[in-house]
There are 2 protein chains.
Amino acid sequence: MQQFLDIARALADENRLRALLALKDRELCVCQIMAMLCLAPSTVSKHMTVLKQAGLVDSVKRGRWVYYRLPDRATNPDVARALEWVFGSLQEEARIKDDANRLCCILCMTPEELFKKLVMDEGQGPRTGVALAPGPGE
Amino acid sequence: MQQFLDIARALADENRLRALLALKDRELCVCQIMAMLCLAPSTVSKHMTVLKQAGLVDSVKRGRWVYYRLPDRATNPDVARALEWVFGSLQEEARIKDDANRLCCILCMTPEELFKKLVMDEGQGPRTGVALAPGPGE
DNA sequence: GCTATAATTCGATGTGTGGCGAAATATAGG
DNA sequence: CCTATATTTCGCCACACATCGAATTATAGC
């Protein structure tokens, strides 16, 4: 029951759902999720902690970066069922697909290009240092 | 997305889950759910409203009583998937089985017997008029 | 119509949660 | 060792939410 409640509560927030869906085909580090969600590092960190406590993601630390990814299936049937529910229901969501597109840009662009795009998209400078550092993907 | 969030938030509360599970094999009116959860009528009413808004239950008014029940399947795939997840994960939960047993008593006992049992179980009088009125099952 | 009862709505209250910035921690690279 | 960077932890604030009691609405029975 507690396990189920942890999962349900973790899934009851739009930004956590977006983060979870973004992990479908790849692992991501916190700074990439920050760029995708446009949230402060502390906020993203807390969200990922909630997801991890619920068993919905795993994390690995490599160098300075912490990578989050979906857990191995078959670990926990409750988690597996929950993830099936989430992906089955939201994969085709417009917002999620848009995230996937933007994520593609975040992963491929150089920091300078990313900076310009953020400025153009939002009409203002990027948040607290988002994407200004040479990301882990290079 | 909004639909999914409504469902996830509705499922992120233990008392709402217990109410939902209790509706598996039967419809129940608010006063019966009150007796099962030991919560004030206003609280139960609000919980059931949340579940209904999410599409997880339907309601029918008959006389003075409002009966809640699970919605017809095939109405909404998102809801159907969510209910499968809930029942698949929680049906065997100890707490839920205990609820089912107590519900059996609530539905079968006369108000006087129910009163005595509540007093014995909790070492105190029942809450705001719980089960002291001739319920709809008689 | 009047009373009793089932349920909902309303108002108040304490608790939980999402968000931020600042400080702390960990690590890579000079 | 010192600096820069990635992440987490901490303290704070605003807002959402679970809960209650009281007031309100709807209905059944006299």
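Below, chain A is the first sequence line, B the second, and so on; all start at residue 1.
Listed pair B:H47 / D:dC17 fails the phosphate criterion, with no side-chain N or O lying under 4.0 Å from OP1 or OP2. At the phosphate of C:dC20, OP1 or OP2 sits under 4.0 Å from a side-chain N or O atom of A:T43. Residue B:Y68 places none of its side-chain N or O atoms closer than 4.0 Å to OP1 or OP2 of C:dA6.
Atoms CZ (A:R62) and P (C:dA28) sit 12 Å apart, rounded to a whole Å. Between the C1' atom of D:dG21 and the NZ atom of B:K46 lies a distance of 12 Å, rounded to the nearest Å. Whole-Å rounding puts the A:K52 NZ to D:dT9 C1' distance at 15 Å. Protein atom CD of A:Q53 is 14 Å distant from nucleotide atom P of C:dG18, rounded to whole Å.
The residue among A:V44 and A:R64 whose nearest nucleotide of DNA chain D lies closer to the 5′ end is A:R64.
Less than 4.0 Å separates DNA chain C from at least one heavy atom of each of the following residues of residues 5-16 of chain A: A:R9, A:D13, A:N15, A:R16.
Side-chain atoms of A:R16 come within 3.5 Å of backbone atoms of A:R9 as a donor-acceptor pair (strictly under, hydrogens ignored).
In this structure, B:R69 places its CZ atom where only 12 or fewer heavy-atom neighbours from other residues, nucleotides or ligands lie under 6.0 Å away. Around atom CD of B:Q53, no more than 12 heavy atoms belonging to other residues, nucleotides or ligands sit under 6.0 Å away.
Within 4.0 Å (heavy atoms only), B:K61 reaches sugar-phosphate atoms of the nucleic acid but no base atom.
Distance from the side chain of B:L39 is smallest for D:dT19 among the nucleotides D:dT7, D:dT19, C:dT8.
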